[in-house]
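The next block holds one structure in the form of C-alpha cells; read it before the comments.
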Amino acid sequence: MTGTDVQKEAEDSGPSGYAAARLRLLTEEARSGPPRRAALAELTDDWLTGLFAAGAEGLRGASLVAVGGYGRGELSPRSDLDLLLLHDGSDIKAVSALADRLWYPVWDLGLDLDHSVRTPAEARKTAGEDLKVQLGLLDARHIAGDLGLTASLRTAVLADWRNQAPKRLPELQELCAERAERQGELQYLLEPDLKEARGGLRDATALRAVAASWLADAPREGLADARRRLLDVRDALHLATGRATDRLALQEQDQVAAELGLLDADTLLRQVYEAARLVSYASDVTWREVGRVLRSRAVRPRLRAMLGGGKPTTERSPLAEGVVEQDGEVVLARAARPERDPVLPLRAAAAAAQAGLPLSLHAVRRLAATVRPLPTPWPAEAREQLVTLLGSGRPTIEVWEALEAEGLITRLLPDWERVRCRPQRNAVHLWTVDRHLIETAVRASEFTRRVSRPDLLLVAALLHDIGKGWPGDHSVAGEIIAKDVAARIGFDRHDVAVVATLVRHHLTLIDTATRRDLEDPATVRSVAEAVGSQGTLELLHALTEADALATGPAAWSSWRGSLVADLVERVSAVLAGDVPDDPEEAAPTAEQERLALEAAATGSPVLALRAQTEPPVGQEPSGDPEPLGVELLIAVPDQPGVLPAVAGVLAMHRLTVRTAELRSLHLPDGVDGSVLLLDWRVAAEYGSLPQAARLRSDLVRALDGSLDIAGRLAERDAAYPRRRGVVAPAARVSVHPAASRLATVIEVRSQDAPGLLFRIGRALEDASVQVRSAHVSTLGANAVDAFYVTGPQGAPLPGDEAASVARKLEETLRG
C-alpha cells in the first residue's frame, strides 16, 4: 500500500482508519528514519485536518497549529502531539466545542496530547512568561483553518524572540545547564536519556532557537546528521518498548541495535556517544559565541563614548609563538603559518590549557585544514607541548575535545580512533575509554611533584588503556601500542621501555595489593621483577592512583590506598640496592676547556651559543637533523650568585630553560682559580634569540650587582594581566640524604614559570649554601630540578639544616 493509500484510508475511516494506517506505517520495514517521521506527521496532519473541518463548520478566525517536535514534522512512534488551537476571540463558545471535537478523538486512541487554546495575544503573553512555551512556538506549523492567523502569530513570535534575545538566551543557557546537572552527559552514560541529557535532543533544539535569534549560530557541520541519528535511535526505542520513553535502558539496547541493523549494543552506544559529543561541542561553541556577542554589545557603547565615536580595537595578548588570546579565546596570531609549522596545533592547545582558555572554533578548523603532519619521530618541541597539554589539569579536557571535534587527535595519534567513544560496561567506570584516559592524565597532573619523570607519567596515563580497542588482554595489547606511540612521539629507547612497562603493569599494584598476601616474599619479589627500578615503581604508584581516581568513586578509597602504599614500600625495599651513585665528573670537551681557561684568564664570564640537534630515535644521523633549541655554554669564575644571575638574565630575555647542568671544572695544572661551567639548552618564548654579546653584557652587570633582575622581572609581570589559567599543584621540595656522599641533594618539583630558576637560585644563595652542581630539566609544564649543595666548608649539610633549607625554599616557591 502506498503512502497516498494510507492517507486515503485514514481520511475515509475516521479515528479507526487513522489508527490502522498509523500502525501499517510504523511496521513498514522499507521506511524508517526521517522519511517515516515525516510520513507520520503528514498522516496525522491529514487526520487532524479532517477533525478540524468537521468541527469548525461555519467558524471563522480559528486555526490548528502544531508546535514543538510535531511542528518540526518529527513524530516518533510514541511522540505526544503538541497542538495549539488558535482563535481570534470572536466566538469563544464555538472554539470550545471545536476543542472537544479535536482533543477527545486523540485521547480515545491513547495518544499523549499537549494542548492549549489561546488567542495570538494570549500565546505571545504566555511565551513571554514561559521560556518552554516560547521555544515550542518557534517551531509553530500551520495544520488547518485560518492560515493568516497562524502566519501572523509565527511572525510576531519570531520578532519577539529576536528582540528579547539578549535577555532570553542567558535564561535558555541556564535552563540547559540545570538540565545537564540533573541528567548528566549523554556521551558517557550507560543508560542515557536521549532527550534530556546534555548533548541530547533538547540541546539540539536549543541550538535551533539560538540560530533563530540571529544573535549567533551553531557550527553546522555534522549537526543535522547527529540530530537525525539520535531521533532514529529514539524511534527504534519506541518500537522496541512500545512506550513513549527516551531512556535507553541496558536491557533494551540489544533490541534497539537490531531494530537499527547494528552489530550489537556497543556499536549502538558508540553511535549515540558520537552524536552526543558533536551536539555538546556545538553547544559549547555556540554559548561561548552568545556570551562574546552579548559582552560586546554591553561594552561597545561605553568604548565608543570613550574613543569619541571611533571604532574600538580588539586587544590581542601573546600566549606562545603563533598563538594569542583574543576576546577570551585562544586564536592564531596574524603571522602564524600552520602550513609551515606542524607543531602549532600542540603549541596552541598547550597554551590554551595553561591559560585556562578555550581554543576558538576558527583556529581549530584552520589548523585542521592547513597544518602539515608531524615528522616521525616528533621534534622535541612537539613532545614537550603534548606533555604540557596533558599536565594542565582540568582545562585539558575542553581543549582536547576541541582538537578531537575537528579530527586533529586521530591525526596526531592514529591509535586513538579505536578507543574514541568506546563504552565501558563496567558499572565502576564513569566514562568512555577515551574520556577515562584524559581524566587519568588530569588526575596524574596532580601527582607530578611525586615523580622524577612527570612527562613519562602523563604520557603513560594517556595510553594506559589504549589496548581496549583491541581483542584480548588490554594491558598486553596496550604495551605494544604504547611502545610504538612513545617512539613515534620522540622518546628514547629507555623512556619507551618505561612507558611500555607502565602500560603493561598499570593494574599490577592494585590487583596485587588487594588480592595477594603481601607477607609472602614471593609476591613482593614478583612485583619488583616486573617493575625493575625505583623510578618506574614511583611512576607506577602515581599512575595507579590516578587511574583509580579517574575511574569513579568506587575504584579508590583510603583503605585501597594504604594497601597499595604498603606494597610499594615493600617492593622499594627489595629494589633498595639500586641507590644512585654520585654524579660522575665527565671530562670537559675541548670547547668547554677553552671557555673555562678564557674565563679564568679574564676574570669575567665567557659564553657561546650554538644550535643543538639530535637524530631520530633509533636511527643514525642522516639528512637535516631536527633542531631542539640552542645550547648555551657559560664559563664563569667561581663566585657567589652565579646560578640566580644566569637564570635571571635568561628570564629577562624571555628564554625558556629546557635543561641545565652546572658544575665546577678542574683547571689544568698551573692555572689559578676555579671556574663554574653551565651547559644549558634554551629556547626563545617569542621571536628570535638575543645576541651572545648582549647576554654576556647583562650577565656581567648581574654579577656585579648593577642590574636589578628582580625588579625588572617584577615590572614585566605587572605589565601583563593575570589570567585564571591552571591551578597547578604546589611546589614540593625534598632532601635525599642517601643520594650522594659528597653533597646534600635537594630536589625541587614545581610548575615551570618565567624566572623560576632565578627564584630557586636566589633562595639557595640566601640560605648560605654552595651549589656544587645542578641538574635542571623542564618536562612539559613541570620543572624537576636537583641541586647538590654543601655548606661553606664544602661538606654535606647536617640533617636538620638541610630540612630547614628545603622548608624555606618550598615556602619561597609557594609564596
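Start at 1 with the first residue, then count along the sequence. This structure is a prediction, so every number in the text was calculated from the model and none was measured.
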Side chains of residues 180-200: which donor-acceptor partners sit under 3.5 Å, not counting sequence neighbours?
residue : atom : partner : partner atom : Å
Gln183  : OE1  : Arg247  : NH2          : 3.4
Glu185  : OE1  : Gln187  : NE2          : 3.3
Glu185  : OE1  : Arg198  : NH1          : 3.0
Gln187  : OE1  : Arg277  : NE           : 2.9
Tyr188  : OH   : Glu401  : OE2          : 3.4
Tyr188  : OH   : Arg435  : NH1          : 2.8
Glu191  : OE2  : Leu250  : N            : 2.8
Asp193  : OD1  : Lys195  : N            : 2.9
Asp193  : OD1  : Glu196  : N            : 2.9
Glu196  : OE2  : Arg202  : NE           : 3.0
Glu196  : OE2  : Arg202  : NH2          : 3.3
Arg198  : NH2  : Asp284  : OD1          : 2.5
Arg198  : NH2  : Asp284  : OD2          : 3.1

Say whether, by atom type as modelled, one donor and one acceptor occur between the side chain of [X] and the main chain of [Y] under 3.5 angstrom.
{"X": "Arg141", "Y": "Tyr70", "result": "yes"}
{"X": "Trp161", "Y": "Ala209", "result": "yes"}
{"X": "Thr512", "Y": "Leu509", "result": "no"}
{"X": "Ser445", "Y": "Val442", "result": "yes"}
{"X": "Arg118", "Y": "Leu84", "result": "no"}
{"X": "His238", "Y": "Thr245", "result": "yes"}

Looking only at heavy atoms, which two atoms of [X] and [Y] are closest? And how far apart?
{"X": "Leu367", "Y": "Pro345", "value": "CD1-CA, 3.9 Å"}
{"X": "Cys421", "Y": "Arg270", "value": "O-CG, 3.3 Å"}
{"X": "Gly145", "Y": "Phe52", "value": "CA-CE2, 3.5 Å"}
{"X": "Ala444", "Y": "Ala546", "value": "N-CB, 3.7 Å"}
{"X": "Ala165", "Y": "Pro170", "value": "O-CD, 3.8 Å"}
{"X": "Gly68", "Y": "Asp139", "value": "O-CB, 3.7 Å"}

What do you reckon, is [atom1] of [X] surrounded by more than 12 foreign heavy atoms closer than 6.0 Å?
{"X": "Glu221", "atom1": "CD", "result": "no"}
{"X": "Gln255", "atom1": "CD", "result": "no"}
{"X": "Arg488", "atom1": "CZ", "result": "yes"}

If we only count heavy atoms from C-beta on, is the [X] to [Y] side-chain gap below 4.5 Å?
{"X": "Arg208", "Y": "Leu138", "value": "no"}
{"X": "Leu457", "Y": "Leu543", "value": "yes"}
{"X": "Pro373", "Y": "Arg411", "value": "no"}
{"X": "Val485", "Y": "Trp416", "value": "no"}
{"X": "Leu408", "Y": "Val364", "value": "yes"}
{"X": "Leu248", "Y": "Gln253", "value": "yes"}
{"X": "Leu463", "Y": "Ile481", "value": "no"}
{"X": "Val564", "Y": "Glu545", "value": "no"}

Q: Could you walk me through whether Thr544 and Asp547 pass side chain to side chain donor-acceptor pair (under 3.5 Å), step by step?
A: CA-CA 5 Å; Thr544 299; Asp547 181 18; over 6 Å; no
Check [Y] with [X], please: is the shortest side-chain N to carboxylate O separation under 4.0 Å?
{"X": "Glu439", "Y": "Arg394", "answer": "yes"}
{"X": "Asp232", "Y": "Arg228", "answer": "yes"}
{"X": "Arg234", "Y": "Glu74", "answer": "no"}

Side chains of residues 104-112: which donor-acceptor partners sit under 3.5 Å, not counting sequence neighbours?
none

Working to the nearest 0.5 Å, report the span between [atom1] of [X] and [atom2] of [Y].
{"X": "Leu25", "Y": "Leu43", "atom1": "CG", "atom2": "CG", "result": "6.5 Å"}
{"X": "Leu386", "Y": "Leu413", "atom1": "CG", "atom2": "CG", "result": "6.5 Å"}
{"X": "His505", "Y": "Asp511", "atom1": "NE2", "atom2": "CG", "result": "12.0 Å"}
{"X": "Asp203", "Y": "Ser280", "atom1": "CG", "atom2": "OG", "result": "6.5 Å"}
{"X": "His429", "Y": "Thr551", "atom1": "NE2", "atom2": "OG1", "result": "4.5 Å"}
{"X": "Gln424", "Y": "Lys468", "atom1": "CD", "atom2": "NZ", "result": "4.0 Å"}

Q | Qualifying residue, where the test is side chain to side chain contact (heavy atoms under 4.5 Å, CB included) with Arg422 and the options are Leu269, Asp266, Val433 | A |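 Answer to the side chain to side chain contact (heavy atoms under 4.5 Å, CB included) test with Arg422 among Leu269, Asp266, Val433: Val433.
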Q: Would you check, one step at a time, whether the test side chain to side chain contact (heavy atoms under 4.5 Å, CB included) holds for Asp434 with Tyr273?
A: CA-CA 11 Å; Asp434 56 341; Tyr273 292 162; over 6 Å; no
Q) If you draw the axis of the six-membered ring of Trp470, does the NZ or CZ of Arg418 fall within 45° of it and under 6.0 Å from the ring centre? A)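 Output yes; distance and angle both within limits.
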Q. Are side-chain N/O atoms of Asp46 and Thr49 paired as donor and acceptor at under 3.5 Å?
A.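 There is no such pair between these side chains.
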Q | Residue pair Leu83, Leu102: steps toward the side chain to side chain contact (heavy atoms under 4.5 Å, CB included) verdict | A | CA-CA 10 Å; Leu83 293 170; Leu102 290 170; over 6 Å; no
Q: Show your working on side chain to side chain contact (heavy atoms under 4.5 Å, CB included) between Thr150 and Ile143 and close with a plain yes or no.
A: CA-CA 9 Å; Thr150 303; Ile143 295 177; over 6 Å; no
Q: Apply side chain to side chain contact (heavy atoms under 4.5 Å, CB included) to Leu278 and Glu274, showing your working.
A: CA-CA 6 Å; Leu278 200 150; Glu274 287 173 344; over 6 Å; no
